[in-house]
Amino acid sequence: MLLADSTELKLLNLSHKDELFTLINTNREHLREWLPWVDATQSPADSESFLQFAINQYQSGQGPQYAIFSESALCGVCGFHPFDLSNRSGSLGYWLGASYGGKGIMVRAVQALVEQGFREYGLNRIEIACATGNTRSRAIPERLGFELEGVFREREYVNGRYLDQAIYSMLASEFQPKA
Ligand SMILES: CC(C)(COP(=O)(O)OP(=O)(O)OC[C@H]1O[C@@H](n2cnc3c(N)ncnc32)[C@H](O)[C@@H]1OP(=O)(O)O)[C@@H](O)C(=O)NCCC(=O)NCCS
C-alpha cells in the first residue's frame, strides 16, 4: 500500500526478519518504555517468531500487520491485533524507530489501516489503547477523530510497572473517508 511522502506499507513476511530485528535492537530504550515485548526480543529468531505469528494471523483472516517503509528503509510496524470476529471489532498497535518520529509517518499509516478495517474487512469498531502517559501515541487517535472512552487502570504490565491505558475507539458509523 503506497501512502503519501514515500511511505509504504508491506504485509509482514519472513524476509523482513533481519531488518526488523536490527531496528528493534538499535531502538531498545525508545521502545521498551511503552512496549512489553522489547526485552524478550533478543535475536533475529525472536523476530522470526513474531513474523510467523503475524503471517498466521493474516492467513487465518484475523487481520493484517504491516512493515512500514520510509524511502525504502523499514522504519516501524503497524497493524491489527487478532480481530474479534464475532463482534467485528479490531484493535491497532504501532511503533516507529526513534529517528522516524515527528514526520507524520504513523498518522498516515494508521489512517490507512482504519480505512482498510472499515471498508475492506467490514469492521464495526476499531480500538486504540495507549498508556495514559504516552502522549505521542495518544495524539494519533486524537488527530484521527477517535473518541476517548475512558481509562482502564493498570491494564498493562510494561518494563516493571503497571500502566493505565486510555481507550479510544471509532465506529463504522462515525468513519469519514478522506476525499
Ligand atoms: C507512538 C509513535 C509511533 C508516534 O510517532 P509520531 O512520529 O509522533 O507520530 P506521527 O506519525 O503521527 O507524527 C506526528 C508528528 O509528526 C509531525 N508531522 C510532520 N509532518 C506531518 C504530517 N504530514 N502529518 C501529520 N503530522 C506531521 C506532527 O507535527 C507531529 O509532531 P509533534 O508531535 O512534534 O507535533 C512513536 O512515538 C513511537 O513509536 N513510540 C514508541 C512506541 C509506542 O509508544 N508505540 C505505541 C504504543 S500504544
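Numbering of ligands and ligand atoms starts at 1, following listing order. When reading the values below, keep in mind they use all heavy atoms of this one structure, side chains included, and skip hydrogens, waters and symmetry mates.
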Under 3.5 Å, N or O to N or O, is Y100 touching ligand 1 that way? no
With respect to atom 25 (C) of ligand 1, which of N134, L92, V107 exhibits the smallest heavy-atom separation? V107
Between S169 and E127, do the side chains contain an N or O donor and an N or O acceptor separated by less than 3.5 Å? no
I'd like to check whether S137 has a polar contact with ligand 1, where a contact means an N/O of the residue lying under 3.5 Å from an N/O of the ligand. no
Determine, counting only non-hydrogen atoms of the protein, whether one lies under 4.0 angstrom from atom 42 (C) of ligand 1. yes
Does any N/O atom on K103 come nearer than 3.5 Å to any N/O atom on ligand 1? yes
Just need the protein heavy atom nearest to atom 45 (N) of ligand 1, so name the residue and atom and give the distance. Y94 O, 2.8 Å
What about A131: any of its N or O atoms under 3.5 Å from an N or O on ligand 1? no
How close does the nearest protein non-hydrogen atom get to atom 13 (O) of ligand 1, and which residue and atom is it? G104 N, 3.2 Å
Can you report which non-hydrogen protein atom sits closest to atom 17 (C) of ligand 1, along with the distance? G102 O, 3.3 Å
Based purely on interatomic distance, does L96 place a nitrogen or oxygen under 3.5 Å from a nitrogen or oxygen of ligand 1? yes
protein heavy-atom neighbour closest to atom 2 (C) of ligand 1 works out as I140 CD1, 4.5 Å
Protein non-hydrogen atom below 4.0 angstrom of atom 36 (C) of ligand 1 present: no
When distances are taken from atom 29 (O) of ligand 1, the protein heavy atom at minimum range is R143 NH2, 4.2 Å
Protein heavy-atom partner closest to atom 32 (P) of ligand 1 - residue, atom, separation in Å: R136 NH2, 4.0 Å
R28 charged N/C atom sitting above W95 aromatic ring, 6.0 Å / 45°: no
How far is atom 23 (N) of ligand 1 from the closest protein heavy atom, and which atom is that? R108 NH1, 3.7 Å
For ligand 1, the portion of M106 having any non-hydrogen atom under 4.0 Å away: both
